[in-house]
Trainee: 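Dumping the structure here so I can ask a few things about it.
These numbers were taken from a predicted model, which means no experiment stands behind them. The sequence lines fix the lettering, A, B, ..., with proteins before strands; numbering per chain opens at 1.
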Protein chains: 2
Amino acid sequence: MGHDSAGTDGASRRIPEATVARLPIYYRALVDVADRDVTTVSSDRLAELAGVNAAKVRKDLSYLGTYGTRGVGYDVKQLLAEISRDLGLTHDWAVAIVGLGHLGQALADYRGFGARGFRVAALFDADPAKIGRQVGGLEVSPAASIRAVASERGVRIGIIATPPHVAQAVADDLVAAGVSSILNFAPALLSVPGGVSLRKVDLAVELQILAFYQSRRSVPAAGG
Amino acid sequence: MGHDSAGTDGASRRIPEATVARLPIYYRALVDVADRDVTTVSSDRLAELAGVNAAKVRKDLSYLGTYGTRGVGYDVKQLLAEISRDLGLTHDWAVAIVGLGHLGQALADYRGFGARGFRVAALFDADPAKIGRQVGGLEVSPAASIRAVASERGVRIGIIATPPHVAQAVADDLVAAGVSSILNFAPALLSVPGGVSLRKVDLAVELQILAFYQSRRSVPAAGG
DNA sequence: AGGAGCTTGTGCATTCGATCACGAAGTCGG
DNA sequence: CCGACTTCGTGATCGAATGCACAAGCTCCT
Ligand SMILES: NC(=O)c1ccc[n+]([C@@H]2O[C@H](COP(=O)([O-])OP(=O)(O)OC[C@H]3O[C@@H](n4cnc5c(N)ncnc54)[C@H](O)[C@@H]3O)[C@@H](O)[C@H]2O)c1
Ligand SMILES: NC(=O)c1ccc[n+]([C@@H]2O[C@H](COP(=O)([O-])OP(=O)(O)OC[C@H]3O[C@@H](n4cnc5c(N)ncnc54)[C@H](O)[C@@H]3O)[C@@H](O)[C@H]2O)c1
């Protein structure tokens, strides 16, 4: 869902999309248990921590290659290293944030990304009042310089937090700068060339989904 | 994904979860075309605007009841009304935001919710420095008062934007206040009683998923 | 050494969602 | 009124994902 253009030609093993989406959850759970000096976890325990089924955990991990020991469980450190490697968290990911409004500033100030190898490397805005200001310790560059600055700084992931009507133009600039992964917060449909991954986060949609189910619950059987 | 405890007993027609998740997208697309004084849309056109398959659009809309005219398409106004009704956007949804940090403030300041019937009705934070301050035109109440204030103001949707370690306690308070829909931004696994809908937005997970696919692309076949 | 007790890895059935393909039903021009 | 054309509604098919159930494999105790 939301993601297209996955690894077309199977790199080594093909990992199902649903599994990929759970790897970060396992990763976080493993970091937690590693902090408590636990050396092994069972699929049962990990499933509980991640809020999923134990069989699913085992099947998911089996896609990464086999690292569990029957009768014992998984070695936490080893599994952590394996997931890290597969998620590419051993790399350094330069991230650019475009649109330093309410949301963009919150993202720029967020201190939770660095821990996972993500580093905010560039900030862009079109508003002259914002350009040149410091946000989260980094200077805001003009939106017109996206192509030059983003490619120069080796940005690989772009985050779009602009109003929706300029989102496509921003995406085009990011792609032109060599960015091939985009996370879009603007409620707009973006089209990107093949080979570029695109994911969307839409808060209004989330609320509306909640509203749907709650409506159903409140009015269980109209005219029943 | 992420959603559980849907309408257990089929209210009238059972609408698949995947369809529910697309209704807000159709809704937004329809609002756009309605602005341009277009009176009907075909499933093809709507599919294009929503970025999905045309057959999927038709099947999705068929779950709401039949409102299209063969040979013509769908009446925009009528369809808009129908989706509005199904998503419960005709109601007034009182929303509470808990945790007025970077993210919570961005949400509180956001002017895009009101348009869809969502109204921020209460703000909560545990930090004495924040309590009593105005954010987005509303005063921040103490976190200790969640149960009293949220239920008094008829809050139906709770947004959690606190640090992860207090998220469960906040969720419990919200549920105790009668909130039965929760949107969680904290990277923590929450458990809620049956009958409460829970959705999660996890930005770090989104980035990690992007990183995964990009890693695969950059290193297509190590040792090739 | 041998067996009891766990826990993994995976084949299989089932459920869910996406897409195709086509009959049904409407419009419109003559 | 009729036939060509458009577009909907949906049965059928296909593929992905989930979860069960159990054999295989490891550890540890006796
Ligand atoms: N703030 C929220 O809580 C929230 C919630 C849901 C969705 N969103 C969406 O996220 C996006 C950002 O929201 P926001 O509240 O931060 O909006 P905002 O208006 O506060 O910020 C938008 C920023 O983008 C900048 N900008 C405009 N055009 C630009 C361009 N061409 N290039 C670069 N920057 C440009 C503006 O100068 C501004 O700083 C919007 O699309 C909004 O719909 C926000
Ligand atoms: N800011 C981001 O861009 C971002 C990105 C990804 C995830 N998140 C997650 O969203 C959540 C909020 O992020 P943030 O950057 O706004 O954090 P923040 O630290 O800026 O804000 C957290 C707020 O919660 C308040 N709080 C603490 N305990 C509370 C309690 N018991 N009841 C009510 N309020 C309480 C704090 O006083 C603070 O105001 C965090 O869980 C974070 O991991 C944020």
Side-chain angles (χ1 to χ4, degrees), chain A residues 1-8 10 13-23 25-26 29-30 33 38-76 78-79 82-83 209 212-213, chain B residues 1-8 10 13-23 25-26 30 33 38-76 78-79 82-83 209 213:
Chain A
M1 232 188 297
H3 183 86
D4 57 286
S5 70
T8 42
R13 270 172 235 83
R14 207 196 135 273
I15 300 185
E17 200 168 318
T19 294
V20 173
R22 280 188 294 270
L23 290 181
I25 311 288
Y26 299 148
L30 285 168
V33 302
V38 179
T39 59
T40 62
V41 276
S42 65
S43 60
D44 254 318
R45 178 80 182 116
L46 191 48
E48 188 187 349
L49 293 170
V52 301
N53 182 291
K56 193 152 42 177
V57 170
R58 292 198 294 275
K59 190 159 285 191
D60 283 344
L61 296 184
S62 78
Y63 289 118
L64 311 183
T66 298
Y67 286 90
T69 306
R70 289 167 145 108
V72 176
Y74 299 87
D75 182 280
V76 175
Q78 194 178 4
L79 190 52
E82 175 59 23
I83 296 182
I209 294 173
F212 171 87
Y213 286 109
Chain B
M1 240 187 288
H3 182 85
D4 57 287
S5 69
T8 42
R13 269 172 236 83
R14 205 193 138 272
I15 302 186
E17 201 168 315
T19 294
V20 173
R22 280 188 294 270
L23 290 182
I25 311 287
Y26 300 147
L30 286 168
V33 302
V38 179
T39 60
T40 61
V41 275
S42 65
S43 59
D44 254 318
R45 177 81 182 115
L46 191 49
E48 188 186 350
L49 292 170
V52 300
N53 183 289
K56 192 152 43 178
V57 170
R58 291 199 296 275
K59 188 157 282 192
D60 283 345
L61 296 183
S62 79
Y63 290 118
L64 311 184
T66 299
Y67 286 90
T69 305
R70 290 163 144 114
V72 177
Y74 298 87
D75 182 279
V76 174
Q78 193 178 4
L79 191 51
E82 174 59 24
I83 296 182
I209 294 172
Y213 287 110

Trainee: When the distance from CD of A:E48 to P of C:dT7 is rounded to whole Å, what number comes out?
Mentor: 13 Å

Trainee: I'd like to check A:V52 versus A:L46 (side-chain heavy atoms, cut-off strictly below 4.5 Å). Are they in contact?
Mentor: no

Trainee: Which of these nucleotides, C:dG26, C:dT8, D:dG19, is closest to any side-chain atom of A:K56?
Mentor: D:dG19

Trainee: Among D:dT18, D:dC8, D:dC20, which nucleotide has an atom closest to any side-chain atom of A:A18?
Mentor: D:dT18

Trainee: How many Å lie between OH on B:Y63 and C1' on D:dC8, as a whole number?
Mentor: 15 Å

Trainee: Compare the minimum distances between each of D:dA17, D:dT27, D:dC22 and the side chain of A:V72, then state the nucleotide with the smallest one.
Mentor: D:dT27

Trainee: Describe the nucleic acid contact of B:T19 in one word from base, sugar-phosphate, nothing, applying a heavy-atom distance below 4.0 Å.
Mentor: nothing

Trainee: Is B:R22 touching bases, backbone alone, or none of the nucleic acid, heavy atoms closer than 4.0 Å?
Mentor: sugar-phosphate

Trainee: If you find the nucleotide of DNA chain D closest to B:K59 and the one closest to B:S43, which residue's nucleotide is nearer the 5' end?
Mentor: B:S43

Trainee: Return yes if the base of C:dT7 and the side-chain atoms of A:R70 contain a donor-acceptor N/O pair under 3.5 Å, otherwise no.
Mentor: no

Trainee: Round to a whole Å and report the spacing from OH of B:Y26 to P of D:dC8.
Mentor: 12 Å

Trainee: Identify, between A:G71 and A:S62, the residue whose nearest nucleotide on DNA chain C lies closer to the 5' end.
Mentor: A:G71

Trainee: About how many Å separate NZ of B:K59 and OG of B:S43, when rounded to the nearest 0.5 Å?
Mentor: 13.0 Å

Trainee: Return the value, rounded to whole Å, for the distance between atom CG of B:D75 and atom P of C:dT27.
Mentor: 13 Å

Trainee: If we ignore angles and hydrogens, is there a donor and acceptor under 3.5 Å between the side chains of B:D60 and B:T19?
Mentor: yes

Trainee: Is any side-chain nitrogen or oxygen of A:N53 closer than 4.0 Å to OP1 or OP2 of D:dC20?
Mentor: yes

Trainee: Of B:V57, B:L79, B:L49, B:V41, which meets side chain to side chain contact (heavy atoms under 4.5 Å, CB included) against B:Y26?
Mentor: B:V57

Trainee: Within the 4.5 Å heavy-atom criterion, are A:Y74 and A:T40 side-chain neighbours or not?
Mentor: no

Trainee: Quick check for you: among C:dT7, D:dC8, D:dA17, whose closest atom lies nearest to any side-chain atom of A:E17?
Mentor: D:dA17

Trainee: Can you check the A:R58 CZ to D:dG19 P distance for me, whole Å?
Mentor: 12 Å

Trainee: Rounding to an integer number of Å, can you tell me how far A:I15 CD1 sits from D:dA17 P?
Mentor: 12 Å

Trainee: Using whole Å, what does the distance between atom P of nucleotide D:dC5 and atom CG of B:D44 come to?
Mentor: 18 Å

Trainee: Counting heavy atoms from C-beta on, name the nucleotide in D:dA21, D:dT18, C:dT8 closest to the side chain of A:Y74.
Mentor: C:dT8

